[in-house]
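Accompanying notes for the structure given below.
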Amino acid sequence: MHKYIIRRLLLTIIVIIGVTFLTFISIHLSGDPTLFYISERASREERLEAQRRLGFDRPLPEQYISFLVNLARGDTGNSLLHRVPAFGVVMERMPATLELTICGFVFSTILAFPIGFVAATKRGTMTDGTLMLAAMFGQSMPSFWLGLMFILFFGVTLRWMPVSGHVPFIKPLLEGNTAEAFTNLPNALRYLAMPVVTVSVFSIARNSRLIRSAVLEVLRQDYVVTARSKGLSERTVLVRHAFRNALIPIVTVVGLQFAFLLSGVIVTETVFSWPGVGRLVFDAINNRDLPLVQTAVVLLAILFVFTNLIIDLLYGVLDPRIRLE
C-alpha cells in the first residue's frame, strides 16, 4: 500500500508541474504579457523598461523556474486591480467557493444515490421512466437559466430567498471563531439554498443515471445471482454484494464532480453575486488582471489534481487488485 501511495504522489507532482507549465506558457502564447501591466499608449522605451523591470526580457526557461520558485513561496505577484498580493486575494475568496462546492457536492450526492438505486431496482417501471426523464431534463438545463428562474420566482415573486449576497460560515471556522460560524449558520443556509440547488441539478441528473447503470451492470453478475439463490434478502444482496462492486465507476464520476464544481462554479457565482473565486476570475479577466487570473487557475488546478489523487487512493481501498497492479 505504501508503494502505491508513493507512486501516486510522484505522479501527482509531475502533473502539477505540467499544469504550472501549461498555465505559464499559455500566458506567453497570447502575446507579450508586459501589455497587461502598462498602458496601451506607452512608448516603445516604456515598454522595454517594463519588460526589464518585470523580468519578461529573460529567456522563457529562466522565467518559468522563477515562476515555480515564487509559486512555492506563495508569491505570484500583485493583483493589478487590488494592488495587493494575488495569492492573498484568491485565498480570501476561497472559503466562499468551498462553502458552495461542498454543500453542492453533499446535496447532489445525497439525492443521486437513492434516485439511481431506486431507478435500477425498478427498471422498466413507470418509476424508472419518470426518474430518468427528470434526469434528462436536469442534464439539459443550463445552470445560468435555472439560477435566473430561481431568482425570479423564489426571490422576486415570492420573496422567500435572498437573490444575492453571502453570509460566511467556513471562514469563521477556519479562523477558529466557532461561535460566530454557528451564529451565521441559519442565514448562511438561506443565502446558500438557491446557488446550491442551481449548481447541483446537473450533478444529480448525471450521477443518478451513472449509478443506475453501474448497479444494473452489477446485478447481472453471477455472484449476485448466486447470492439470491441462497435465499438472501434483496436488501442484503444490494448492500453487501452489489453496492461495493458498483462503487468503482461511481467514485470516479462523483469524486471528479467535486473537482468540477470547485473549478466550474463561475457561472453560478456570477448569477448570484457570490463572492467566490469563480466571480473573482470573471472580474479579473474583464479587468485584464493577469497575476490574479494566473494565481486562481493554478490553485484551482492543484486542487483538481489532489482530488484525483484522493480518488486513486480510494480505488486501492475499494479494490485491492488495483492497488496490487
Side-chain angles (χ1 to χ4, degrees), residues 5-40 42-94 97-98 101 256 258-266 276-313:
I5 295 174
I6 292 172
R7 187 165 63 249
R8 293 299 177 187
L9 283 172
L10 291 175
L11 288 174
T12 299
I13 293 172
I14 293 172
V15 172
I16 289 175
I17 292 174
V19 166
T20 58
F21 176 75
L22 290 175
T23 304
F24 170 81
I25 204 67
S26 63
I27 299 298
H28 290 270
L29 288 176
S30 62
D32 185 2
T34 310
L35 299 177
F36 289 99
Y37 294 85
I38 61 175
S39 171
E40 295 178 355
S43 64
R44 183 175 181 275
E45 290 74 17
E46 290 172 333
R47 179 178 171 181
L48 292 174
E49 172 60 24
Q51 279 184 335
R52 185 195 61 76
R53 187 178 70 255
L54 296 169
F56 292 139
D57 59 334
R58 295 178 296 170
L60 281 181
E62 186 178 337
Q63 290 186 48
Y64 176 63
I65 293 174
S66 178
F67 172 73
L68 282 182
V69 172
N70 291 333
L71 180 63
R73 296 185 303 186
D75 179 13
T76 54
N78 288 339
S79 166
L80 304 181
L81 180 63
H82 300 274
R83 303 297 180 182
V84 293
F87 186 83
V89 176
V90 175
M91 294 307 296
E92 185 180 354
R93 296 289 192 97
M94 189 62 74
T97 295
L98 288 176
T101 303
L256 287 177
F258 178 81
F260 282 123
L261 286 174
L262 185 62
S263 58
V265 294
I266 181 171
V277 177
R279 177 69 184 275
L280 180 68
V281 171
F282 180 79
D283 293 338
I285 292 172
N286 287 333
N287 290 284
R288 303 177 66 196
D289 194 340
L290 173 63
L292 200 54
V293 173
Q294 196 173 37
T295 304
V297 169
V298 169
L299 287 179
L300 289 175
I302 289 173
L303 288 173
F304 195 103
V305 170
F306 273 104
T307 301
N308 279 333
L309 173 64
I310 293 172
I311 294 171
D312 285 342
L313 297 180

Which atom pair, heavy atoms only, marks the closest approach of [X] to [Y]?
X	Y	answer
Thr97	Gly276	OG1-CA, 3.2 Å
Thr76	Ala86	OG1-CB, 3.9 Å
Val277	Val90	CG2-O, 3.9 Å
Arg58	Gln63	O-NE2, 2.7 Å

[atom1]/[X] to [atom2]/[Y] distance, rounded to the nearest 0.5 angstrom?
X	Y	atom1	atom2	answer
Phe21	Leu68	CZ	CG	10.5 Å
Asn78	Asp289	CG	CG	10.0 Å
Thr295	Leu290	OG1	CG	8.5 Å
Leu60	Ile25	CG	CD1	5.0 Å
Leu292	Phe87	CG	CZ	12.5 Å
Phe304	Leu309	CZ	CG	13.0 Å

(Q) Would you call the rings of Tyr64 and Phe24 parallel, tilted or perpendicular, taking 30° and 60° as the class edges? (A)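 Ring orientation, 0 to 90° scale: tilted.
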(Q) Can a donor-acceptor pair be found, under 3.5 Å and without considering hydrogens, that links the side chain of Thr307 to the backbone of Leu303? (A)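 Yes, Thr307 side chain to Leu303 backbone: donor-acceptor pair under 3.5 Å.
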**Q.** Check: Gly77 main-chain N/O paired with Asp75 side-chain donor or acceptor under 3.5 Å
**A.**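 Yes; judged by distance alone, with no hydrogens or angles, the pair exists.
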Q: Take Val298 and Thr20 through the side chain to side chain contact (heavy atoms under 4.5 Å, CB included) test and state the conclusion after the steps.
A: CA-CA 6 Å; Val298 169; Thr20 58; 4.3 Å; yes
(Q) Checking Leu280 against Glu92 for the side chain to side chain contact (heavy atoms under 4.5 Å, CB included) test, could you report, in this order, the C-alpha distance in whole Å, the side-chain angles of both residues, the deciding distance, and whether it holds? (A) CA-CA 10 Å; Leu280 180 68; Glu92 185 180 354; over 6 Å; no
